[in-house]
Amino acid sequence: MQDSLWQAVLGEIELTVSRASFITWFKNTQMVRYKEGLLTVGVPNVFIKQQLESKYSQLVLDTLEKNGIKPDKVEYKIHAVQPPRRPVDEPVLVPSPGGATVNTAPRSARSNLTHSYRQGINERYTFDNFVVGSGNELAYAACQAIAQNPGSKYNPLFIYGGVGIGKTHLIQAVGNAILANNPATIIVYASTEQFVQEFVDSLRFKRTTDFAKHYRSADVLIVDDMQFIAGKEKVQEEFFHTFNALHQANRQIIISSDKPPREIPTLEERLRSRFTWGMSIDMQNPDFETRCAIIQTKASTQNIVLEPSVVEFLSNLVQTNIRELEGALNQLLAWCEMRGLEPTMEIASSLLGSSKTRPKHISAKQIIERTAKHFQIPMEDILGPKRDKDIVVPRQIAMYILRSELHLSFPKIARELGRKDHTTAIHSVEKIEKEAGFDADIRTAIAEIKDRLYA
Ligand code: ADP
Ligand code: MG
């Protein structure tokens with residue numbers, strides 16, 4: 001009863017907030033109790049608790065009311081935390097001679113492998129520990145669909161995007177999920193560099209048949225970092241044949257790359273066209289909320305709950321590369337662990353810089369002036385009522401920097417820019433955050449303005 005009510009509330013909230021926000025803040029909540037006017041919502045961690053309290057409490061109340069419930073009070077309680085997982089940085093390669101990926105035992109008749117053609121899928125890359133947010137949700141959904149039904153849809157799946165945003169994690173998660181469903185599946189995972197190296201070796205040692213057989217034995221072939229095939233004609237030809245053989249047999253092919261097929265230089269036309277037969281998905285940089293959720297998830301696998309200010313500090317520190325984000329977090333946690341200290345904001349900022357090297361006395365006015373100067377528009381315009389795009393965007397960027405550098409509240413940001421309504425500030429900051437994910441010009445502008453500010 002309670003649960004279906006809460007599901008109805010969630011259903012409605014899902015329609016009002018962005019998908020990333022929904023997944024990050026609401027998805028794993030539940031209604032624990034509703035008694036004597038007090039409604040208790042269970043949430044996975046303190047970070048989510050604070051966000052819900054500070055940002056979404058009105059929305060929750062309104063939505064409850066629409067569903068016929070008017071509690072005197074809603075409280076958020078930390079509830080049923082996920083069991084701890086393996087520490088994040090412990091690599092788990094499937095042990096076997098040469099590092100075999102593939103669970104070939106039951107079907108070894110079909111593949112006549114020599115061990116040098118195999119390589120490991122890392123067990124730690126799962127769907128469970130992948131945080132879904134704007135930027136990766138489409139890729140995630142496609143990978144899930146494939147894991148449930150390999151070879152039938154989206155074949156090939158071609159995922160592309162920048163460094164450290166989770167491509168390898170996601171495509172290996174498909175392999176792990178398929179193996180969990182059906183351990184007899186032959187998953188062949190290779191980086192393109194490895195494919196190239198093995199191909200060259202097979203020519204040299206006259207084992208081309210073994211090489212071909214190995215790759216063609218795959219039920220699921222996962223090839224990572226396809227951009228490295230650029231300029232390698234022979235390899236491209238070999239891959240073309242492998243691709244055709246597998247595709248005709250309805251075997252699943254998954255490819256990742258740092259750029260879309262059309263931008264991989266010297267990629268043979270016939271390969272290029274095959275890569276676009278199925279589905280191509282652009283993975284984008286994680287937004288602020290997703291970065292926060294990732295940090296929180298990674299910390300909780302080590303049973304650590306970070307203060308929200310530390311989480312926000314880290315996600316502002318590293319904005320695109322999740323590998324670096326993880327690195328910064330691990331550095332902080334390791335430093336604190338060795339000294340038996342709690343990871344506080346002071347430690348984070350003195351250890352990881354930014355505020356360490358940057359003086360604190362930057363004022364809101366300086367930020368706005370600097371931004372106006374950068375875009376060569378007069379101060380009166382940025383503070384005034386004009387709504388031309390050339391002025392609106394710099395204004396939004398100024399708001400974003402006020403938020404990320406000075407952590408001003410939205411009403412304060414709005415006032416600084418002569419706005420009455422603080423929702424404009426919220427909207428602007430979110431918009432710039434999102435756009436900085438895929439728009440290099442915006443990223444560069446922000447970086448340049450900040451550099452000048454602190455110079
Ligand atoms: P890429 O292959 O795109 O360069 P990786 O898949 O190697 O990036 O990801 C870099 C690191 O970031 C990995 O440790 C991965 O587990 C982690 N990571 C990336 N995206 C996510 C995510 N959405 N949730 C959790 N961890 C992530
Ligand atoms: Mg990778």
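In each ligand, atom 1 is the first atom listed, and ligand 1 is the first ligand listed.
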Atom indices of ligand 1, in the order listed, that fall short of 4.0 Å to a heavy atom of Asn136:
23 (N)

Suppose I only count heavy atoms of Val163 and a 4.0 Å limit; which atoms of ligand 1 are within that range?
4 (O)

Go through the side-chain N and O atoms of Asn330 and Glu326 and say whether any donor and acceptor fall under 3.5 Å apart.
no

Does any donor atom in the side chain of Asp224 or Ser256 lie under 3.5 Å from an acceptor atom in the other side chain?
yes

Taking distance alone, with N or O pairs closer than 3.5 Å, would you say Gly164 contacts ligand 1?
yes

Parallel, tilted or perpendicular: which fits the ring planes of Tyr140 and Phe130, with parallel below 30° and perpendicular above 60°?
parallel

Keeping the roles fixed (side chain from Asn176, backbone from Ile121), state whether a donor-acceptor pair exists under 3.5 Å.
no

Considering only non-hydrogen protein atoms, determine which one is nearest to atom 15 (C) of ligand 1 and report residue, atom name and distance to 0.1 Å.
His169 ND1, 3.4 Å

Quick one: does Ile294 get an N or O within less than 3.5 Å of an N or O on ligand 1?
no

Short side-chain donor-acceptor distance under 3.5 Å, Gln197 and Asp201
yes

Shortest protein contact, atom 26 (N) of ligand 1 (heavy atom only)
Lys298 NZ, 2.9 Å

Closer than 4.0 Å to some heavy atom of Tyr125 - which atoms of ligand 1 meet that?
16 (O)

Between Glu269 and Arg272, is there a side-chain N and carboxylate O pair less than 4.0 Å apart?
yes

Is the closest heavy-atom distance from Gly162 to ligand 1 below 4.0 Å?
yes

Protein contact to atom 25 (C) of ligand 1 [nearest heavy atom, distance to 0.1 Å]
Asn129 O, 3.3 Å

Students often mix this up, so state it plainly: with edges at 30° and 60°, are the rings of Phe275 and Phe158 parallel, tilted or perpendicular?
tilted

Closest protein heavy atom (residue, atom, distance) for atom 18 (N) of ligand 1:
Ile322 CG2, 3.4 Å

Heavy atom of the protein closest to atom 24 (N) of ligand 1 (residue, atom name, distance)
Val131 N, 2.8 Å

With a 6.0 Å cut-off on the ring centroids, do Phe243 and Tyr215 count as close?
no

I want to know if ligand 1 touches Val132 in the polar sense, i.e. an N/O pair below 3.5 angstrom.
no

Atom 7 (O) of ligand 1 [closest protein heavy-atom partner, distance rounded to 0.1 Å]:
Arg323 NH2, 2.7 Å

Does Met283 have a heavy atom less than 4.0 Å from any atom of ligand 1?
no

Protein contact to atom 11 (C) of ligand 1 [nearest heavy atom, distance to 0.1 Å]
Glu326 OE1, 3.2 Å

Expected output: side-chain Thr192 to main-chain Asp225 donor-acceptor under 3.5 Å
yes

Under 2.8 Å from the Mg ion (ligand 2) - does any N, O or S atom of Ser191 fall there?
no

Hey, is Tyr140 one of the residues with a heavy atom under 4.0 angstrom from ligand 1?
no

What atoms of ligand 1 come closer than 4.0 angstrom to any heavy atom of Arg124?
14 (O)

Any carboxylate oxygen within less than 4.0 angstrom of a Lys/Arg side-chain nitrogen, looking at Lys434 and Glu430?
no

shortest atom 21 (C) of ligand 1-to-protein heavy-atom contact is with Phe130 CE1, 3.7 Å

Leu333 side, atom CG; Met338 side, atom CE - distance, nearest 0.5 Å:
11.0 Å

Between Lys167 and ligand 1, does any nitrogen or oxygen pair lie at a separation below 3.5 Å?
yes

Steps toward side chain to side chain contact (heavy atoms under 4.5 Å, CB included) verdict (Leu332, Val310):
CA-CA 10 Å; Leu332 172 66; Val310 176; 3.8 Å; yes

